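Note that the structure is predicted; figures quoted are calculated from it, not measured. Every number for a ligand or one of its atoms is a count from 1 in the order of the listing.
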Amino acid sequence: MKAPIVSPSLLSANFNELAKDIEMINQSKADWFHLDIMDGVFVPNISFGFPVVAHINKLAKKPLDVHLMIVEPDRYIKDFKSVGADYLTVHYEACTHLHRTVQAIKAEGMKAGVSLNPHTPVSVLEDIVGELDLVLLMSVNPGFGGQKYIENTYKKIKQLKALSKDINPDLYIEVDGGVDNTNAQKLVDAGANALVAGSYVFKSDNPTNTIAKLKTLQF
Ligand code: DX5
Ligand code: ZN
């Protein structure tokens with residue numbers, strides 16, 4: 001039995017005391033730091049950019065799982081490598097030449113991820129899933145923390161698991177948006193092996209315990 005990867009999203013952290021929240025994650029059972037990069041074009045929100053990621057990277061003792069919600073991500077692949085990204089995930093909907101983008105991420109020595117919006121079917125990944133390290137299924141419309149989980153995601157996880165199990169059994173199937181104690185077990189049962197959690201972790205009374213609770217799930 002294995003526990004899922006837990007990747008707390010710093011979007012819901014306290015930016016007045018970011019170093020404190022980073023250290024909390026360092027000391028917790030979390031596996032990765034999930035960093036949401038928004039450009040105000042691909043999504044209707046702007047988050048943070050290179051200087052903040054570089055600062056986080058200085059303090060973080062675990063891999064940076066960077067989720068790009070930006071148009072033309074190819075322009076910034078090298079920059080994200082230089083500020084410390086370990087996993088770099090681009091949106092399918094933002095890439096005309098997705099195969100080229102994935103190769104460029106790998107050529108920089110990073111793990112390559114592709115994210116799908118809630119309306120994008122899993123089948124579009126059929127001819128690239130064998131080349132990916134991670135697929136990030138959005139279970140809310142990207143742009144904001146604290147939104148309600150979309151139930152249709154369970155079906156997509158199962159479809160992705162079926163699509164990848166022979167060709168890429170080590171694929172990370174990551175779910176992002178509205179993850180909490182009401183759906184986490186069901187997500188893992190459906191085939192998710194990596195969970196992003198923002199508000200569930202940071203708005204809880206004891207974020208360290210909330211992370212530990214997610215790490216008790218098994219698949
Ligand atoms: C939303 C981001 C998420 C967000 C998740 O666009 O991709 O990573 O931080 O936040 P919660 O867990 O609160 O839905
Ligand atoms: Zn995210």
Checklist outcome for this item: Distance filter under 4.0 Å, heavy atoms only, around ligand 1 gives Ser9, Leu11, His34, Asp36, Met38, His67, Met69, Met138, Pro142, Gly143, Phe144, Gly145, Gly146, Asp176, Gly177, Gly178, Val196, Ala197, Gly198, Ser199

Item to check | Distance flag, aromatic centroids of Tyr149 and Tyr200, threshold under 6.0 Å | outcome: no

Item to check | Residues that Thr210 engages under side chain to side chain donor-acceptor pair (under 3.5 Å), provided they are two or more places apart | outcome: Ser204

Checklist entry - Which distance, rounded to the nearest 0.5 Å, do you find between the NZ of Lys20 and the CD1 of Ile25? => result 14.0 Å

Item to check | Side-chain H-bond candidate by donor/acceptor type, Asp36 with His34, under 3.5 Å | outcome: yes

Checklist outcome for this item: Residues passing the salt bridge (Lys or Arg N to Asp or Glu O under 4.0 Å) test with Lys215, sequence neighbours excluded, are Asp31

Next on the checklist: For Trp32 and Tyr172, take the angle between the two ring planes, folded into 0 to 90°, and tell me which bin it lands in: parallel under 30, tilted 30 to 60, perpendicular over 60.
Outcome noted: perpendicular

Checklist entry - Between the side chains of Gln159 and Ser123, does any donor sit under 3.5 Å from an acceptor? => result no

Item to check | Residues Thr89 and His67: side-chain donor-acceptor under 3.5 angstrom | outcome: no

Checklist entry - So how many protein N, O or S atoms does the Zn ion (ligand 2) have within less than 2.8 Å? => result 4

Checklist entry - Quick one: are Ile5 and Asn193 in side-chain contact, heavy atoms under 4.5 Å? => result no

